[in-house]
Structures are given as C-alpha cells and as structure tokens.
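Given the structure is predicted, the values throughout are model-derived calculations rather than measurements. Throughout, protein chains are lettered first and strands after them, A, B, ... in sequence-line order, and every chain is numbered starting at 1.
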Number of protein chains: 2
Amino acid sequence: MKLLPERTVERLSKYRRVLQRELDNGTDHIYSHELAKLLHITPVQVRRDIMLIGHTGTLRKGYSIDNLIKLISEIIDCSSSVQNVAIVGIGKLGQALLDYLNDSNTKLNLSAVFDNNPDKIGTSYSGTVCYSIESLKKIVEREGITIGILTVPPEFAKEVSTMMKDAGIVGIINYTPVSLKLDGTFLEEYDVITTLEKVAYFSKPKNAKLL
Amino acid sequence: MKLLPERTVERLSKYRRVLQRELDNGTDHIYSHELAKLLHITPVQVRRDIMLIGHTGTLRKGYSIDNLIKLISEIIDCSSSVQNVAIVGIGKLGQALLDYLNDSNTKLNLSAVFDNNPDKIGTSYSGTVCYSIESLKKIVEREGITIGILTVPPEFAKEVSTMMKDAGIVGIINYTPVSLKLDGTFLEEYDVITTLEKVAYFSKPKNAKLL
DNA sequence: TTTTTAATGTGATTTTTGTAACAGTTGTTA
DNA sequence: TAACAACTGTTACAAAAATCACATTAAAAA
C-alpha cells in the first residue's frame, strides 16, 4: 500500500478508538457521517481516509466496525511485529505520559523507562522498571524497542536523542523545547509553550477565525 | 496586519525563544540562515515568516534581534493586555505542564489551577493556588483568564470544556483523548496516543520517509 | 572604481491537505 | 415495478503550507 498522509494516520488512530467503543456497545456497522460526528470532522474526510486504506463499506449499511478496526490495527501496529516503546526521562511529564499509555488500549507496548537519577533507577513506575540511561543501548536491543519518548530536561535533549538513535530507536517524540534533527529517524516534535502561545495568538478577538 | 498562518505563529514562538538566548549571549543581529539552522528549517521559510510580520532586515547585516523579539512579542502577547491562563485538572499532566510554564519565559501569565478533588483545592501547586471547578466562572472573571489548558480525566472533558467556555475562556488546549467542538472558541486538540501511534506508523521501515 | 560575493524580499510553483460535487448503487416506498 | 432516498467511492477543485527561483542591493575584494 502507498504511504498514507500524516493527517490520515492521525485520524486512523482516533477512528480506531471510537470504533472500539462502538463495538463494545454492541454496534457492528457505522456510517461515515456517524463516525464523522464522533470526531467532529466531515463525512467526506472519513470516506476518503477509509478509501485510502483500501477498505470498502457496504452501500446503505456502512462500514463493518470489526473489519475496520482490524485493518487499522494492521496498518498502525503491524500486528505481525509488536513495537516496543521507551520513555526516556521519567520526570513529571514522563510519568504523566506513562499513565496515558497505560490507560489507553493501544497495541504499542511500553517496555522500559530510563532516567539518570540514581534514586529513580531500579524503581518501578506504574509497573515499568526504570533503567539507567547508561544502559539504554543494552536494554533497547534486548527488548527490541523501536520508539522513544523524550522527556528529559532541555540541556540533555541533544545528547540523549543521539544516544537513542545510536541505540537503534527509529521513531522519537521530542517533548523538550529543543529543536532536534536526526537523520534516519522519524522525529516528531511537540512544544508545549509554542502550542500555548499559538492558542494565545488565535484567541485574541482580532485574530479569531470566524466560521 | 493580516491574520498569520498557524505554522508561522508556531515558528514565531520558537524564533523568539532562540533569539532571546542569542541576545543573552550578546549577539545583536542574526542572518536568516543562522536562525534557520537553530530550528532546523530553511532560510527561505525564516525570511518569509519575517516578511509576513512586516519586519525588514538589513541587507548583509541580517535582522536586529532586539527588534524582532519586540515585534514577535507584540504579535503573540499583545503587550497592551496580558493574557491569563488557567490549568483545569491538576493531575500529573497538569502539574507537568505547569512546570513547563514556570520554567519558560513566556509572557503569558498562569493565574489559577482548578480541580474537583477536595484534597487539592486550596493547595498551592508550584506557587499557584488550586480552586474548585465550581468556582471556575467566578475566578476566570475575577482574574481575567482567557486561555485554558484542559487536563481532566476524559469522562469530564465535555462537561468541563463547556463550563470553561461559559466562564468566558476563548482559547482551549484539550489534552484529553476526547474530541471536542466548541463554537466561538479557538480549540487546539492534542492527543498523546494518536501522536504515538503516528510515530509508530512512520517508524516502520516500509513507511520511512526517505530524504 | 569595477567586480564579485552574500544577503534580503518576493512572485511563481509545488506539495499537502481538505472540500465539493456527483456518479453509481442498493434498498424502500408508492 | 417505478420513483425516490440514502449512502459509498472518486474525481475535480480549493486552500494552506512549503519551496524554488531570482531580482535586488549592500559590502567586500580586486
């Protein structure tokens, strides 16, 4: 299958979650306009996304929820090979994200957390043991970790991100305010302050986007 | 001035931060390619953003850092009227974001945090006192809060977001996994799991974006 | 002084993303 | 059975964002 657009992949993740809830409620089919309503987007966008992943619905019946979930899971998690995740830097944000992961029913598996604080190393965080950053490469290789969540203090961001790459991690979410660049890895940056300042800008009456 | 593109506003926030660091280091002018390098983007993009905000550099000298910071601040924070921020739901994520805010030198002012846990109400979190969600409207009006960070458990997301809007908040960052829709407010959604699953997708060898 | 170099500013183009329009089809109703 | 309504799938279009290409100009070098 052709590479999917980023926004489509993001929506697939959300589709799956609400679809799972529908399935748990006993629904077995859903119309594009129903799914759209749950995510506050347009039915066309839903149909297009579903088209892109090669699923096809039944006219007048909608989409089979079960099949859709299976297909999305195949695409995102690639059920054949589980992807393992590590959180690097288990401060407040790291711990918060850890809980988000544990509460979600994502198929991604959190395998380890890392920190350089001796008090933290060896401790268990929501059931996952914390290792020293020194042992990053060893554990990443042993556990087959491919994805890393970077939540260290900014001054360590660059160094640690390089260590993560060298350890074999291929996808990194960078929550530090430091802009990074790592060839050969998929790097997603999320900047808390930037987001807040953007909202501040667009919240001002003169910048409000009218609908 | 014309309404700025979202991505430009995001970059302005980042420009300001790195520019402030340069200024603190004693630099007074900067070239587009230098600024670009700090953020790992292209010089053209920097120049276009700067053009959009109506600043003009000096040929062969670059941009005046001081002027640029002042202009960006005028645009984002609108120095005439300080914007006040509240965090609604002071669990782990709320506390983590609170620390991010306190560590940053954003001009936005965190005025209050809210929760419905009696043990938390009245307590101070990193210097900011926690109020009951019951008193949201009262405090928002008293403090002139316009921006809210929503970090409550998912089951309360919809209800609390409506309360925030009714209280007069015009910009909301929704960190819950629940998709919201609020007319008349600028709503920015951030879904932790979606981000992670997106990274998982693009980290798989067959989906890697080659450069 | 003339040439070259290095930078800004911006129209034109491309890429990505979202939306509109509608053809096709299946079930329902008259 | 004929007309209609409802829903999918897709092509064509529009909007947003990024990039390219290059005109312009100030300083440096020859």
Remember a base hit wins even if backbone is also touched, and classify A:Thr56 as base, sugar-phosphate or nothing at under 4.0 Å, heavy atoms. sugar-phosphate
In terms of heavy-atom contacts, does NZ of A:Lys158 have more than 12 from other residues, nucleotides or ligands at under 6.0 Å? no
Nearest-nucleotide comparison on DNA chain C, the residue closer to the 5′ end among A:Leu59 and A:Arg7: A:Arg7
Answer with base, sugar-phosphate or nothing: what part of the nucleic acid does B:Arg47 contact at a heavy-atom distance below 4.0 Å? base
Check every atom of C:dT19, D:dC7, D:dA26 against the side chain of A:His33 and return the nucleotide holding the closest atom. D:dC7
For atom CD of A:Glu10 and atom P of C:dG18, their distance in whole Å: 9 Å
Difference in axis direction between the ends of the helix from C:dT1-D:dA30 to C:dA30-D:dT1, five pairs, 10°: 20°
Minimum-distance nucleotide to B:Val44 side chain [options: C:dG9, D:dA21, D:dA18]: D:dA21
Over 60° means perpendicular and under 30° means parallel, so classify the ring planes of A:Tyr190 and B:Tyr175, tilted if in between. perpendicular
Can a side chain N or O of B:Gln45 be found less than 4.0 Å away from OP1 or OP2 on D:dT19? yes
Please determine, for the side chain of A:Tyr63, which listed nucleotide (D:dT25, D:dA18, D:dT8) has the closest atom? D:dT8
Looking only at D:dT8, C:dT8, C:dT26, the nucleotide nearest the B:Tyr31 side chain is C:dT8
Can a salt bridge be assigned to the pair B:Lys137 and B:Asp166 using a cut-off of 4.0 Å between side-chain N and carboxylate O? no
Paired with B:Ser111, the side chain to side chain donor-acceptor pair (under 3.5 Å) test is passed by just one of B:Thr128, B:Asn84, B:Thr146, namely B:Asn84
Euclidean distance, atom NE2 of residue A:His29 to atom P of C:dG27 [Å, nearest integer]: 12 Å
In this structure, how many angstroms lie between the P atom of D:dT10 and the NE2 atom of A:His55, rounded? 13 Å
With a 3.5 Å distance limit and no angle check, can you tell me whether B:Thr8 reaches the backbone of B:Leu4 through a side-chain donor-acceptor pair? no
When you measure from the side chain of A:Glu188 to the backbone N and O of A:Ile172, does any donor-acceptor pair fall under 3.5 Å? no
From CG of A:Leu4 over to C1' of C:dT17, roughly how many Å is that when rounded to an integer? 14 Å
Between P on D:dA15 and NZ on A:Lys209, what's the gap in Å once rounded to a whole number? 14 Å
Base of D:dT19 paired with side chain of B:Arg48 (donor-acceptor, under 3.5 Å): yes
Separation of D:dT8 atom C1' from A:Leu68 atom CG, nearest Å, is 13 Å
Among C:dG9, D:dA26, C:dG27, which is the nearest nucleotide to the side chain of B:Met51? C:dG9
Is a donor on one side and an acceptor on the other found under 3.5 Å between the side chain of B:Lys204 and the backbone of A:Ile75? yes
Does A:Arg60 put a side-chain nitrogen or oxygen below 4.0 Å from OP1 or OP2 of D:dA5? no
To the nearest Å, how far apart are B:Ile53 CD1 and C:dT10 C1'? 16 Å
Which part of the nucleic acid, if any, lies within reach of B:Ser32 when heavy atoms closer than 4.0 Å are counted: base, sugar-phosphate only, or nothing? sugar-phosphate
Please enumerate all residues that pass salt bridge (Lys or Arg N to Asp or Glu O under 4.0 Å) together with A:Asp103, with sequence neighbours excluded. none
In this structure, how many angstroms lie between the P atom of C:dT19 and the CD1 atom of A:Ile41, rounded? 9 Å
